[in-house]
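Count residues from 1 along the sequence.
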Amino acid sequence: MENSKYPKYIFDWMGGLILLAGYLIGSMFVGVVGLAGKFIFKLDFMQKPWFMMFANAVVFCLMIAAFDLLMVRQKIGKKLNFNFSPTNFYTYLLIFPMMLGMMFVGEFITSQIPTTGPFFGDFYEFFENLMAGLTDDPVVMVITAVIMAPIFEEIIFRGIIQKGMINNGVKPWKAILLASVLFGVIHGNPWQFVGATLLGTVLGLVYYKTRSLLLPMLLHGFNNLCSAILIFYTKKESFAEAFEMQEWMILTIGIGLFSVFFYLFTFRNKVRYSEI
């Protein structure tokens, strides 16, 4: 392990500050570009889907670059590197149904959160308007949600935060849970927080067991692709409405799918990569 091409970096409060600094610098840069376009070139493109895609890419890249430079290269002398190995076909047959089951469970729990009232009503209306803006350009939305978000977010939340905490001596289940909660928090609203946190635990488990960042990226993209298809064709991000089923039925199917394939993946599937 001493000669591993995958550096054994840690994630602690300093790493968190570095990621935050990368986020702030990236956001400031994006803001300056947007304001320059508006006041110098008379182009107001800050709310355009393509600019939001550009903004996300810049912010995530600067966060990753900052951690790489200050926490990995300076302290370890190696560059940030991840394992993207594929796995055997049997493993894919286990993780995708497990992910789908958790998606169903997450939808049911999310549906219990109010969308009306003095606080939730206004917040939900703002969230709906924001999502409507993101779906104006289907091509940009698919590129952003199905390709870019899974790559950048899995590198940060599973590859850097979760793995770095485990390297720092945090128990794996705690690292998976903490990374998942942070993943939920960055979505910025209670409806996506629930789903993102639950799905993050599946992504974290898959990454911990296989050591391959490719698998959570594929699962993340699968989840976002399903959400995009539901939004495009049903106008609601709801399996229950798409399948014309009651929410409790979706929950029951979700619990069954997740339980069976979680057991098979966790206790029966023997594939486990080591980073060498």
Side-chain angles (χ1 to χ4, degrees), residues 11 15-38 41 43-71 80 82 84 123 126-162 179-197 199-200 203-204 207 213-214 216-232 237:
F11 183 81
L17 289 178
I18 290 172
L19 287 182
L20 179 60
Y23 172 82
L24 294 175
I25 293 171
S27 299
M28 290 172 61
F29 174 78
V30 168
V32 169
V33 172
L35 291 174
K38 186 173 183 179
F41 302 104
L43 298 173
D44 188 6
F45 46 67
M46 292 188 71
Q47 300 302 319
K48 299 292 184 181
W50 66 265
F51 184 76
M52 298 180 75
M53 178 178 69
F54 161 77
N56 284 333
V58 169
V59 171
F60 281 130
C61 284
L62 284 176
M63 292 173 70
I64 295 168
F67 188 87
D68 178 35
L69 178 63
L70 300 176
M71 289 295 291
L80 196 61
F82 300 102
F84 295 103
F123 195 4
F126 171 79
F127 169 62
E128 287 281 273
N129 292 335
L130 179 63
M131 293 302 296
L134 293 176
T135 58
D136 285 344
D137 190 327
V139 175
V140 171
M141 180 184 178
V142 169
I143 293 173
T144 303
V146 182
I147 300 175
M148 289 175 51
I151 293 174
F152 289 131
E153 292 177 4
E154 291 311 304
I155 287 175
I156 290 174
F157 289 96
R158 255 56 66 179
I160 291 177
I161 297 177
Q162 177 181 309
S180 300
V181 171
L182 289 174
F183 180 55
V185 168
I186 61 105
H187 284 78
N189 64 81
W191 301 277
Q192 287 187 319
F193 168 79
V194 172
T197 300
L199 297 176
L203 299 172
Y207 182 48
L213 205 55
L214 173 65
M217 285 179 176
L218 292 175
L219 289 175
H220 194 153
F222 169 69
N223 171 74
N224 290 3
L225 177 62
C226 289
S227 296
I229 292 173
L230 288 173
I231 291 172
F232 290 147
E237 196 174 344

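Take F183 and apply the ring-ring contact (aromatic ring centres under 6.0 Å, His included) test, not counting sequence neighbours, and it matches F157, H187, H220. Partners of F54 according to the ring-ring contact (aromatic ring centres under 6.0 Å, His included) rule, which considers only residues two or more places apart in sequence or in another chain, are F51.
The heavy-atom pair separating S180 from G200 by the smallest distance is OG-C, 2.9 Å. When every heavy atom of N224 is checked against every heavy atom of A145, the shortest pair comes out as ND2-O, 2.6 Å. Closest heavy-atom contact between V30 and A55: CG1-CB, 3.5 Å.
Side-chain atoms of M71 and L80, non-hydrogen and from C-beta on, never get closer than 4.5 Å to each other. Proximity of M53 to I143: side-chain heavy atoms (C-beta onward) are separated by under 4.5 Å at one or more points. By the 4.5 Å heavy-atom criterion applied to side chains, I25 and F29 are not counted as neighbours. For the pair N223 and L219, the minimum side-chain heavy-atom distance is 4.5 Å or more. I156 places a side-chain heavy atom less than 4.5 Å from the side chain of I161. For the pair F152/N56, no side-chain contact is recorded, criterion being any heavy-atom separation below 4.5 Å from C-beta on.
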Under the side chain to side chain contact (heavy atoms under 4.5 Å, CB included) rule, what do F82 and I160 come out as? Steps first, then yes or no, please. CA-CA 9 Å; F82 300 102; I160 291 177; 4.1 Å; yes
List the steps and the verdict of side chain to side chain contact (heavy atoms under 4.5 Å, CB included) for F232 and M141. CA-CA 11 Å; F232 290 147; M141 180 184 178; 3.6 Å; yes
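The line from CG of L218 to CG of L225 is 12.0 Å long, rounded to the nearest 0.5 Å. The distance from the CG atom of L203 to the CD atom of E154 is 4.5 Å, given to the nearest 0.5 Å. Between the CD1 atom of I18 and the CE atom of M63 there is a distance of 11.5 Å, given to the nearest 0.5 Å. Taking CG from L17 and CG from L24, the interatomic distance works out to 10.0 Å, rounded to the nearest 0.5 Å. Between atom CD of residue Q192 and atom CD1 of residue I186 there is a gap of 9.0 Å, rounded to the nearest 0.5 Å. The OG atom of S27 sits 9.0 Å away from the CG atom of L62 when rounded to the nearest 0.5 Å.
Q162 places no side-chain N or O within donor-acceptor distance of the main-chain N or O of A179, the cut-off being under 3.5 Å.
Within a 6.0 Å radius of CZ in F193, other residues, nucleotides and ligands contribute more than 12 heavy atoms.
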